[in-house]
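Every chain is numbered from 1, with letters handed out A, B, ... down the list of sequences.
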Number of protein chains: 2
Amino acid sequence: MVRMAHNGSNGPNKLKIMDKPQLSESQEDYLKHIFKLREVNETVTTQDLSESLKVRPASVTGMIKKLSSMELIYHRPYKGVVLTELGEKIALEVLRHHRLLELYLVDHLNYTWDEIHDEAERLEHVISEKFEAAISKLMGNPTRDPHGDPIPSVDLEIPEMPDLVSVDRLHAGQEAVIQRVLTQDKDILNMLSRLELTIDANILMVGSDKTGIRLKVGNNQYLIPYSIAKLIWV
Amino acid sequence: MVRMAHNGSNGPNKLKIMDKPQLSESQEDYLKHIFKLREVNETVTTQDLSESLKVRPASVTGMIKKLSSMELIYHRPYKGVVLTELGEKIALEVLRHHRLLELYLVDHLNYTWDEIHDEAERLEHVISEKFEAAISKLMGNPTRDPHGDPIPSVDLEIPEMPDLVSVDRLHAGQEAVIQRVLTQDKDILNMLSRLELTIDANILMVGSDKTGIRLKVGNNQYLIPYSIAKLIWV
DNA sequence: CTTTAAATTTAGTTGAGACTAAAAATAAAT
DNA sequence: ATTTATTTTTAGTCTCAACTAAATTTAAAG
Ligand SMILES: [Mn+2]
Ligand SMILES: [Mn+2]
Ligand SMILES: [Mn+2]
Ligand SMILES: [Mn+2]
């Protein structure tokens, strides 16, 4: 049973979208992961993808060849891959779905921080453009998801992000507002939300030592190990 | 990339659900179609499924063998299939997803009658139990979808439906309330909704002749051909 | 009954997208 | 510069769920 295209109602004004090939769920995930790895890594290797997609390297090579032949990525054998213009558009489309969905689940269906990722991971591939537009409008075309990650706009531009630093870079006495949390690990998210170390929270750096940093949040004060502090950007 | 199970957070109270095998999208659709065909047909043949799923008969036979070996259906070769107890539970679970989704799309995302079916058809397979519960709760655990079809309850019982007759059975002068519309044809649904022949609409049977029936709705009066009148139940 | 038609099943193929095992290319270490 | 280790690619296999073509079974007509 082959999954069908569902570009929504293709009004005459959406011509550019029309020539996007219909991709499989796997292919969409590959493109998305390439995009996200590139934000961090400078180069995206077969192994990077193997780890992040939890697929064996040989399989990754196979998919790379296919995406390459579709001109969605450019591949220098033994070196790595980069997204083509079209490949990046598709990656951003999926990312937009994912992040709008995460925000929607939190805002409208009472999901908690640690529950949204897996649900969005599956839904991102099956919602129509109509669905995307509907939830975006309902939320006032937001630009940040519940982790503080930027939501690509309808025309697939990434909204400007202010320059951020991880919270361990603050000096003692400095105050700041949490803007972004770079993890989808359920246990970490669960812990952070219980400590009220969530997006928009006001924090005060009390001090730091070799074990970690001391943060004051509201009336409470915690010791946060560096491994976790590095995930929190202000 | 194999799709993973997502039974939601399996609290200790949901043991019975746990031994439901994880099915593919196709398998879920087969079970759902068998259930729906059975509501109408008394017997469900290979051809019935072939037509309703738009899959060749040989392929249907193949899937029948698999579902049969999984004890989700019972198959008398050359005769037809029936759902086992477990098969029916799964069919109802999918149907519950589908119908809750349709209602949700109308009530919360401003979808029109003719837009909901295709979207629900894809989403029904990927939403979690958590998502199902969330939208059900949000809508006050509804028992009817936007077509008037019954929504199976959380424990997968079909809610009682009052006895209905198709609108062409009314005699002149009789009034009635539309309870159910038995089609997913987009054009018919679109037409009916423009005529305000929607669920809960009050109608008056004016009269009938060989071409169709005359219905009064609000201040307007229409001639409805029998082919369409048979789809409207009151 | 016997022949013909229709429905169903069998047999074999295809394409996606994973996998393992082994070969080839690149990078690191002696 | 060789040798060794790591990464990447090739080659071939597997499962799933579709397909076509042909054989078989059941149903309908003469
Ligand atoms: Mn995904
Ligand atoms: Mn996110
Ligand atoms: Mn479906
Ligand atoms: Mn319906």
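- At whole-Å resolution of the value, CZ in Arg76(B) and P in dT26(D) are 11 Å apart.
- Nearest nucleotide to the side chain of Pro77(A), out of dG17(C), dT9(D), dA18(D): dT9(D).
- Side-chain proximity of Lys66(A) to the nucleotides dA16(C), dC19(D), dA18(C) is greatest for dA16(C).
- Atom-to-atom, CG of Leu31(B) to P of dA17(D) comes out at 12 Å; the value is rounded to the nearest Å.
- Contact annotation: Lys54(A) side-chain N/O to dG17(C) OP1/OP2 distance is not under 4.0 Å.
- Rounded to an integer number of Å, the gap from Leu23(B) CG to dA17(D) C1' is 14 Å.
- The side chain of Thr45(A) contributes an N or O atom lying less than 4.0 Å from OP1 or OP2 of dT8(D).
- Between the side chain of Ser50(B) and the main chain of Val55(B), a donor-acceptor pair closer than 3.5 Å is present.
- Remark: Ser24(A) is in phosphate contact with dG17(C), judged by side-chain N or O atoms under 4.0 Å from OP1 or OP2.
- The separation between His33(A) atom NE2 and dG17(C) atom P is 16 Å, rounded to whole Å.
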Give each protein N/O atom lying under 3.5 Å from an N/O atom of nucleotides 22-25 of chain D, with the pair distance.
{"unit_1": "dT25(D)", "atom_1": "O4'", "unit_2": "Tyr78(B)", "atom_2": "OH", "d": "3.3"}

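- Spacing between atom CD of Glu25(B) and atom C1' of dG17(C) amounts to 16 Å, rounded to whole angstrom units.
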Review point. Run the salt bridge (charged side-chain N to carboxylate O under 4.0 Å, His left out) check on Glu115(B) and Lys130(A) step by step: do they pass?
Key: CA-CA 9 Å; Glu115(B) 294 171 328; Lys130(A) 162 111 196 161; 3.2 Å; yes
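- Residue Glu39(A) qualifies as enclosed at atom CD: its count of foreign heavy atoms under 6.0 Å is above 12.
- In terms of phosphate contacts, Gln27(B) brings no side-chain nitrogen or oxygen within less than 4.0 Å of OP1 or OP2 of dC16(D).
- Remark: Thr211(A) pairs with Asp209(A) by the side-chain hydrogen bond (donor to acceptor under 3.5 Å, both in side chains) rule, at least two apart or across chains.
- Within the structure, every side-chain polar atom (N or O) of His75(A) is placed at least 4.0 Å from both OP1 and OP2 of dT8(D).
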Between the protein and nucleotides 10-14 of chain D, which nitrogen or oxygen pairs come in under 3.5 angstrom?
{"unit_1": "dT10(D)", "atom_1": "OP2", "unit_2": "Lys65(A)", "atom_2": "NZ", "d": "2.7"}

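- For Leu53(A) and dA16(C), the CG to P distance is 19 Å, given to the nearest whole Å.
- Whole-Å rounding puts the Asp48(A) CG to dT7(D) P distance at 10 Å.
- In this structure the side chain of Phe131(A) reaches within 4.5 angstrom of the side chain of Leu123(B), judged on heavy atoms.
- With no hydrogens or angles considered, a side-chain donor-acceptor pair links His125(B) and Glu28(B) at under 3.5 Å.
- The interatomic distance linking Gln47(B) (CD) with dA6(C) (P) rounds to 11 Å, in whole Å.
- A close approach under 4.0 Å does not occur between any side-chain nitrogen or oxygen of Arg56(B) and OP1 or OP2 of dA18(D).
- With hydrogens and angles ignored, the 3.5 Å screen pairs no side-chain donor or acceptor of Tyr111(B) with any backbone N or O of Tyr104(B).
- Between Tyr30(A) and dA18(C), a side-chain N or O to OP1/OP2 separation shorter than 4.0 Å is present.
- Using a 4.5 Å cut-off on side-chain heavy atoms (C-beta onward), His33(B) and Leu49(B) make contact.
- Where Met63(A) and Lys79(A) each meet DNA chain C at their nearest nucleotide, the meeting point lying more 5' is that of Met63(A).
- How far CD1 of Ile213(B) is from CD1 of Ile232(B): 6.5 Å, rounded to the nearest 0.5 Å.
- Crowding of Tyr226(B) atom OH: a count of heavy atoms from other residues, nucleotides or ligands under 6.0 Å exceeding 12.
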